[in-house]
Number of protein chains: 4
Amino acid sequence: MPAKTSADQLLKAAAKVYHQRGYHAAKVSEITREAGVAQGTFYLYFPSKRQAFVELMEGFARNISSAALELDWERIRNGEDLRQQLVDLYTSIFQICADNRDVADLFFNAAPSADERAAAIREEFMRGVEGISAQSLVDGAERGYFRALKAETISRAIVGMFLNIVLRTIIAEGRTFRLRELAEDLVDFEVRGLFVSEGAATK
Amino acid sequence: MPAKTSADQLLKAAAKVYHQRGYHAAKVSEITREAGVAQGTFYLYFPSKRQAFVELMEGFARNISSAALELDWERIRNGEDLRQQLVDLYTSIFQICADNRDVADLFFNAAPSADERAAAIREEFMRGVEGISAQSLVDGAERGYFRALKAETISRAIVGMFLNIVLRTIIAEGRTFRLRELAEDLVDFEVRGLFVSEGAATK
Amino acid sequence: MPAKTSADQLLKAAAKVYHQRGYHAAKVSEITREAGVAQGTFYLYFPSKRQAFVELMEGFARNISSAALELDWERIRNGEDLRQQLVDLYTSIFQICADNRDVADLFFNAAPSADERAAAIREEFMRGVEGISAQSLVDGAERGYFRALKAETISRAIVGMFLNIVLRTIIAEGRTFRLRELAEDLVDFEVRGLFVSEGAATK
Amino acid sequence: MPAKTSADQLLKAAAKVYHQRGYHAAKVSEITREAGVAQGTFYLYFPSKRQAFVELMEGFARNISSAALELDWERIRNGEDLRQQLVDLYTSIFQICADNRDVADLFFNAAPSADERAAAIREEFMRGVEGISAQSLVDGAERGYFRALKAETISRAIVGMFLNIVLRTIIAEGRTFRLRELAEDLVDFEVRGLFVSEGAATK
DNA sequence: AATGAATGAGGGTTCATTCAT
DNA sequence: AATGAATGAACCCTCATTCAT
């Protein structure tokens, strides 16, 4: 295991300070103090305070995107399989966010108003996720699992409910355990809705 | 109808500039130029740049909260009534956001990283809405409309899906028409879920 | 007489400090201290330290250029008239430089290595003066006053001798009196080389 | 012939970079990159960025001074001999400057505002050259070649015209050929003003 | 001799805020 | 109430210099 490099220390310290103070209030001098290096050292590894933030955001987006974000319909034989894949998928992303609370918080909350480039990264990510979600709705409907729904609207609803759980339960409250259970509760609601039965809801 | 006061002009200008530039990049001098007054005038009406932003946020929170956010169970006789109340409630909030895109954007996106006090206002609002939502889940279950669900988790899911529609479809895309239809699509998904039927989902 | 404005104070202070310390070593804080204003005030009147310097250079170039730099052949009837015009012209420029030693020094010595724009202003000025000088050589030759000389080379020689007197005698030594006498000595040397004549030198 | 030492490489690289960027904008890191050595190596050979520049200036001053700067009256029998010695002298200095354009440019243009010590070297050089020139005027007058002129003023004029040719024609334009011809043109102008003669100019 | 990562003092610039008019 | 010139604290970034290897 190699010794911790200054670059590592700085990125870690940057995540911490950006998170504690917010992007604008964070001072480069705080980051370097936190990292235990001199101020000038920051600029050996990052061209600017801005770019260090962008790199954090890019890293997080790559990290999340490396998780399987799409359903594998080949392996889905029935509703239960589908439900399981959703639970797996949600759980893995919950886990990544739980493991990187600081950066996840920056990504979802701070990025839009921190920096244009960072905002673009987040925006692209959101669009990508909504697109995948919308496609899944179409695919699932074709295969007879899902009702016919407005894909554009409902994909946003799905992403939104997932995102708010991440923000409130994982990031804000700091929950790191029983994330699968959390995913199961969410998926149960997602697939069946609030009403006790189809009958009751429409009668 | 009173003449437009400087305070009004400034608040309007502030909303515009904060929205265009972001809280930190917005300059008091831009706001006053936009409002057509001298820079010093700003400080006759607001003690600080920070406080002007906070007042915008408070106003928006009041505005939203003035809409009926709670279900009126007295007037609900069946699932369809419930569904209608949800649609009405969602539509009215959609409308408020559509009418105040700038401030809504600031409230939901910028507030958390703009200023501590503003973040607290948004946080309190979110907690309030989630609380109402959770209570509704309990009430609805008691009355036999809703399945037994983890209220804390599902209330967040519900708020999240609603919020993401606001953010993406109304604020970002700027949709201002057929908001009731949007609410209907959302409520339909909310109450019945994705799966074609209770049968299919569990079989 | 209006009260001294901050702009005036600052330009004067800037000339002094740039001259004392050199462009690069000069600090904006020194200039404002010298001017008796706060640091930020500097930026009410100049967009940058660089631009303040450029404005000084531009002002000096305009100042010099406002002096009649060209001979008026209409008023020249003989060699003595010509000699007098040269003496007048040189004296007036000597005077301007003597009245603005600081800025003249900056213009001729510091500008080239201070800033690209300032260097360009000085360069353009030098080219202009050499061009006028070369044209005068041609005109004077046509009229029978001057020998046939390589105008491009000799115009540079003439500008050079004039410039070095300015730099060494007026700027460096600070001579401010009997400038006409100085000009006469110089012209005497200059014309005995320019005017058609025969004699010891070629025998 | 010894292998090129790092010191040589660095001095050559320094001349290039100082010339391209100017003294202040030149970075030690650029010089070492240009020389193909590590940054720290610079400080094995020079105590500071400043001193490297001073050494360049000192070298150039020595180089120029090694040329015969004085007239050899023993070998002057008539005006033509004198003219020839001047042409030889000017040509040799032209040649040195043409062979070292970069450093010559630094010496004459950058030194005054680059560094106090460098400015002093240039100043001393200029004073020396003007002194020699003034002495030659006196000597030449005593021997009946030159008219009686104000030695202090005219020596500066002579140095100035020579210097401006160097700056504009050799350094700025980069002329490296027919330098003797250039010297002849200059001397021709110079002596017709210096030598006792009669003619149109005074009539 | 040579390296190059690390240092940290220093200064140009911004802009929220003040206050004399 | 309104003005807008003036203020000055704050902070990012540069780069000459050092030093452990």
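Nothing here was measured: the structure is a model prediction, and the numbers come from that model. Below, chain A is the first sequence line, B the second, and so on; all start at residue 1.
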List the atom pairs, donor and acceptor, that lie under 3.5 Å between side-chain atoms in residues 33-45 of chain C and the rest of the protein, sequence neighbours left out.
{"from": "C/Glu34", "atom 1": "OE2", "to": "C/Lys16", "atom 2": "NZ", "distance (Å)": "2.9"}
{"from": "C/Thr41", "atom 1": "OG1", "to": "C/Ala38", "atom 2": "O", "distance (Å)": "3.3"}

Nucleotides 16-21 of chain E: protein proximity per nucleotide (B base, S sugar-phosphate only, - neither; heavy atom, under 4.0 Å): SBB---

ring-ring contact (aromatic ring centres under 6.0 Å, His included) involving C/Tyr18 - partner list, sequence neighbours excluded: C/Tyr23, C/Phe53

For B/Asp115, all residues meeting salt bridge (charged side-chain N to carboxylate O under 4.0 Å, His left out), sequence neighbours excluded: B/Arg50

Residues forming a side chain to side chain contact (heavy atoms under 4.5 Å, CB included) with A/Glu116, sequence neighbours excluded: none

Partners meeting side chain to side chain contact (heavy atoms under 4.5 Å, CB included) with D/Ala119 (sequence neighbours left out): none

Strand DNA chain F as a dot-bracket string - pairs counted if Watson-Crick or G-U with both distances under 3.5 Å, | where the partner lies in another strand: .||||||||||||||||||||

Partners meeting side chain to side chain contact (heavy atoms under 4.5 Å, CB included) with A/Ile171 (sequence neighbours left out): A/Ala104, A/Asp105, A/Phe108, A/Val166, A/Leu167

Candidates F/dA2, F/dA6, E/dA1 - which lies nearest the side chain of D/Tyr45: E/dA1

Within residues 109-121 of chain D, residues whose heavy atoms come under 4.0 Å of DNA chain E: none

Partners passing ring-ring contact (aromatic ring centres under 6.0 Å, His included) against C/His19 (at least two apart in sequence or in another chain): none

Residues in side chain to side chain donor-acceptor pair (under 3.5 Å) contact with D/Glu123, at least two apart in sequence or another chain: C/Arg168, D/Arg127

Partners passing salt bridge (charged side-chain N to carboxylate O under 4.0 Å, His left out) against A/Arg62 (at least two apart in sequence or in another chain): none

